[in-house]
Participant: 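Sharing a structure here in structure tokens format.
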Amino acid sequence: MYAFHREVHPPTGVEHCIYCHFFTQDQQNLVVAKGSELTVYSMITVDSNKPADKDSKPKQKLEQAASFRLYGQVMSMKTAQVTGSGRDALLLSFMNAKLSIVEYDPSMHDLKTVSMHYFEDDESKEGSFRNIHHPHVRVDPDQRCAIMLTYGYKLVVLPFRRDGLIEDLDKSLGSSRRGALMPSYTIKLNEMDEPINNILDIQFLHGYYEPTLLILYEPLRTWAGRVAVRQDTCAIVALSLNMAQKVHPIIWSQSSLPYDCQQVYPVPKPIGQFLVFTL
């Protein structure tokens, strides 16, 4: 391995972070991804010899609790409860189109692999030599499924086993396996009735009966030098995921958004809806 690459010093720049129940369901931890390294921090109370005031809060600080080395650079990181242990599992994506679901194992004080997914076969690549798009992972707020956007236009859906979904999905997918996840399937966004290309951001929305994705994309690209000719080039669509029937209708859409839209942020209940951020 060292003939190609050797890491002289561990990475220091933080690229992803998330707050979750990593060790136990009673304690939350800060999980930080720095290149190919995961670092877990716990919040502890600092003892002080000075008498504390009645209105003052005890001082706290972050303390490193664990560190794990990975065989690849983390491109995206999300959490979900998929095993019923009360702990949050980490969904980690890697180039070009790989996804690993890992969870803390207290018996070994190490990471345990729950599931691994690989979408780099010739059929998935469809002739592409190099993937320039990072694989983005998103998790449904109601913990019903997760998705990973690969190759810029392929949407991989990973249904979780949940009460009310297990029987329907087993029948429709013809599966008798018992695990944390159901078999995945792929949606080609550029082959829909209204093709979705040049995706800028993708997020799950709150408060829908079925998992619903909000996709921000740019059908016809433009740039700052053509603002006088073409400026409102972005659009958004809401895609509903029926995992039992493998159908994904567009329930509403909006076009003619500013060309400099960058990302969307779903707003939880009771407000709901979403925010669109521009430059």
Participant: Roughly how far, to the nearest 0.5 Å, is the CG atom of Leu181 from the SG atom of Cys145?
Facilitator: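 Atom-to-atom, Cys145:SG and Leu181:CG are 10.0 Å apart.
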Participant: Regarding Ser240 and Glu210, is there a side-chain donor-to-acceptor distance under 3.5 Å anywhere?
Facilitator: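 On atom types as modelled, these side chains qualify, holding a pair under 3.5 Å.
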Participant: Which residues pass the side-chain contact (heavy atoms from CB on, under 4.5 Å) test with Gln262, not counting sequence neighbours?
Facilitator: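 Per chain and number, Gln262 pairs via side-chain contact (heavy atoms from CB on, under 4.5 Å) with Leu279.
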Participant: Indicate whether the side chain of Ser36 and that of Gln73 have a donor and an acceptor atom separated by less than 3.5 Å.
Facilitator: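 No.
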Participant: Tell me, do Thr79 and His21 make a side-chain contact under 4.5 Å, heavy atoms counted?
Facilitator: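 No, too far: nothing below the 4.5 Å cut-off.
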Participant: Who pairs with Lys61 by side-chain contact (heavy atoms from CB on, under 4.5 Å), at least two apart in sequence or on another chain?
Facilitator: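 In terms of side-chain contact (heavy atoms from CB on, under 4.5 Å), with neighbours along the sequence ignored, Lys61 is linked to Ile44, Val46.
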Participant: Counting distance only, does the side-chain N/O of Lys154 pair as donor-acceptor with the main-chain N or O of Ser124 below 3.5 Å?
Facilitator: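 It does hold such a pair.
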Participant: What residue pairs, at least two apart or across chains, pass ring-ring contact (aromatic ring centres under 6.0 Å, His included) with a residue in residues 252-279?
Facilitator: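 Listed by first then second residue: Trp252-Phe274.
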Participant: Which pairs of donor and acceptor atoms, one on a side chain in residues 90-101, lie under 3.5 Å apart (sequence neighbours left out)?
Facilitator:
{"residue": "Ser93", "atom": "OG", "partner": "Ser76", "partner atom": "N", "Å": "3.1"}
{"residue": "Ser93", "atom": "OG", "partner": "Pro135", "partner atom": "O", "Å": "2.8"}
{"residue": "Lys98", "atom": "NZ", "partner": "Met95", "partner atom": "O", "Å": "2.5"}
{"residue": "Lys98", "atom": "NZ", "partner": "Glu120", "partner atom": "OE2", "Å": "2.8"}

Participant: If you draw a 6.0 Å radius around CD1 in Ile132, do more than 12 non-hydrogen atoms from other residues or ligands fall strictly inside?
Facilitator: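 Atom CD1 in Ile132 is not packed in, count stays at 12 or less.
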Participant: Please check this pair: side chain of His16 against backbone of Met75, looking for a donor-acceptor N/O pair closer than 3.5 Å.
Facilitator: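 Side chain of His16 to backbone of Met75: a pair is present.
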Participant: Quick one: do Val264 and Leu200 satisfy side chain to side chain contact (heavy atoms under 4.5 Å, CB included)? Show the steps, please.
Facilitator: CA-CA 9 Å; Val264 291; Leu200 302 173; over 6 Å; no
Participant: Partners of Arg138 by salt bridge (Lys or Arg N to Asp or Glu O under 4.0 Å), sequence neighbours excluded?
Facilitator: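 By the salt bridge (Lys or Arg N to Asp or Glu O under 4.0 Å) rule, Arg138 matches Asp201.
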Participant: If I take atom CG from residue Asp260 and atom CD from residue Glu218, how far apart are they, to the nearest 0.5 angstrom?
Facilitator: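 Result: 9.5 Å between the selected atoms.
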Participant: Partners of Asp142 by salt bridge (Lys or Arg N to Asp or Glu O under 4.0 Å), sequence neighbours excluded?
Facilitator: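 Listed in chain order: Arg144.
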Participant: Before giving the answer on side chain to side chain contact (heavy atoms under 4.5 Å, CB included), spell out for Ile187 and Val157 the whole-Å C-alpha distance, their side-chain angles and the decisive distance to 0.1 Å.
Facilitator: CA-CA 8 Å; Ile187 301 172; Val157 182; 4.0 Å; yes
Participant: Under a 3.5 Å threshold, yes or no: a donor from one side chain and an acceptor from the other, between Glu194 and Ser253?
Facilitator: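 Glu194 vs Ser253: no donor-acceptor pair found between side chains.
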Participant: Return the SG to CD1 distance between Cys20 and Ile18, rounded to the nearest 0.5 Å.
Facilitator: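 If I round to the nearest 0.5 Å, the distance is 6.0 Å.
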Participant: Parallel, tilted or perpendicular: which describes the rings of Phe68 and His109, with under 30° parallel and over 60° perpendicular?
Facilitator: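 Phe68 vs His109 ring planes: tilted.
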Participant: Less than 4.5 Å apart, any side-chain heavy atom of Ile199 and any of Leu216?
Facilitator: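 No. Closest side-chain heavy atoms not under 4.5 Å.
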Participant: Could you check if a side-chain atom of Leu189 sits within less than 4.5 angstrom of a side-chain atom of Ile215, using non-hydrogen atoms only?
Facilitator: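 The answer is yes; the side chains approach within 4.5 Å.
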Participant: Tell me every residue that passes side-chain contact (heavy atoms from CB on, under 4.5 Å) with Glu37, counting only those two or more places apart in sequence or in another chain.
Facilitator: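 Partners of Glu37 by the side-chain contact (heavy atoms from CB on, under 4.5 Å) criterion, ordered by chain and then number, come out as Pro10, Pro11, Lys34, Thr39, Ser67, Arg69.
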Participant: Angle class for the Phe119/His117 ring planes (parallel below 30°, perpendicular above 60°, tilted otherwise)?
Facilitator: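 Phe119 vs His117 ring planes: parallel.
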Participant: CG of Leu155 to OG1 of Thr186: how many Å apart, nearest 0.5 Å?
Facilitator: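 Answer for the CG-OG1 pair, Leu155 versus Thr186, is 8.5 Å.
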Participant: Could you tell me whether Asp122 atom CG has more than 12 heavy atoms of other residues or ligands within 6.0 Å of it?
Facilitator: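 No, because the 6.0 Å sphere around CG of Asp122 holds 12 heavy atoms or fewer from other groups.
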Participant: Using side-chain contact (heavy atoms from CB on, under 4.5 Å) as the criterion, list what pairs up with Gln60, not counting sequence neighbours.
Facilitator: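 Per chain and number, Gln60 pairs via side-chain contact (heavy atoms from CB on, under 4.5 Å) with Met43, Thr45.
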Participant: Heavy-atom distance under 4.5 Å between the side chains of Tyr185 and Met243, does that happen here?
Facilitator: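 Touching, per the 4.5 Å side-chain cut-off.
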Participant: Under a 4.5 Å cut-off applied to non-hydrogen side-chain atoms, are Asp105 and Asp110 in contact?
Facilitator: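 Sidechains of Asp110 and Asp105: no contact.
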Participant: Could you measure the distance from the CD atom of Gln28 to the OH atom of Tyr19? Nearest 0.5 Å is fine.
Facilitator: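 Reported value, rounded in 0.5 Å steps: 4.5 Å.
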Participant: Please check if any side-chain donor atom of Asp26 sits under 3.5 Å from a side-chain acceptor atom of Thr24, or the reverse.
Facilitator: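 Judged by distance alone, the side chains do not pair up.
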Participant: I'd like to check Thr233 versus Leu257 (side-chain heavy atoms, cut-off strictly below 4.5 Å). Are they in contact?
Facilitator: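 Answer no - side chains too far apart.
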Participant: Give the C-alpha distance, both sets of side-chain angles, the deciding distance and a yes or no for side chain to side chain contact (heavy atoms under 4.5 Å, CB included) between Ile147 and Ile202.
Facilitator: CA-CA 10 Å; Ile147 62 99; Ile202 184 168; 4.0 Å; yes
Participant: Report yes if some heavy atom in the side chain of Phe23 is under 4.5 Å from a heavy atom in the side chain of Asn29; otherwise report no.
Facilitator: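 They are in contact (side-chain heavy atoms under 4.5 Å apart), so the answer is yes.
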Participant: Kindly indicate, with the supporting measurements, whether the criterion side chain to side chain contact (heavy atoms under 4.5 Å, CB included) is fulfilled by Val237 and Leu213.
Facilitator: CA-CA 8 Å; Val237 296; Leu213 281 168; over 6 Å; no
Participant: Please report the interatomic distance CZ(Phe22) to CD(Glu103), rounded to the nearest 0.5 Å.
Facilitator: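 These two atoms lie 9.0 Å from each other.
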Participant: Shortest non-hydrogen contact from Pro183 to Pro159?
Facilitator: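 That closest heavy-atom pairing would be O-CD, 3.6 Å.
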Participant: Taking ILVMFWY side chains as joined if any heavy atoms are under 4.5 angstrom apart, and letting links pass through other members, which residues group with Met116?
Facilitator: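 Via sub-4.5 Å side-chain contacts, Met116 links to none.
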Participant: For Lys125, what residues pass the salt bridge (Lys or Arg N to Asp or Glu O under 4.0 Å) criterion, not counting sequence neighbours?
Facilitator: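 Once residues adjacent in sequence are excluded, Lys125 has no partner under the salt bridge (Lys or Arg N to Asp or Glu O under 4.0 Å) criterion.
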Participant: Under the ring-ring contact (aromatic ring centres under 6.0 Å, His included) definition, can you give me all pairs with a residue in residues 198-218, not counting sequence neighbours?
Facilitator: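 The answer is none; no pair qualifies.
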Participant: Check residues 220-231 and write down every donor-acceptor pair under 3.5 Å in which the side-chain atom is one partner and the other belongs to a residue at least two apart or another chain.
Facilitator:
{"residue": "Arg221", "atom": "NE", "partner": "Asn198", "partner atom": "OD1", "Å": "3.3"}
{"residue": "Arg221", "atom": "NH2", "partner": "Asn198", "partner atom": "OD1", "Å": "3.4"}
{"residue": "Thr222", "atom": "OG1", "partner": "Arg230", "partner atom": "O", "Å": "3.2"}

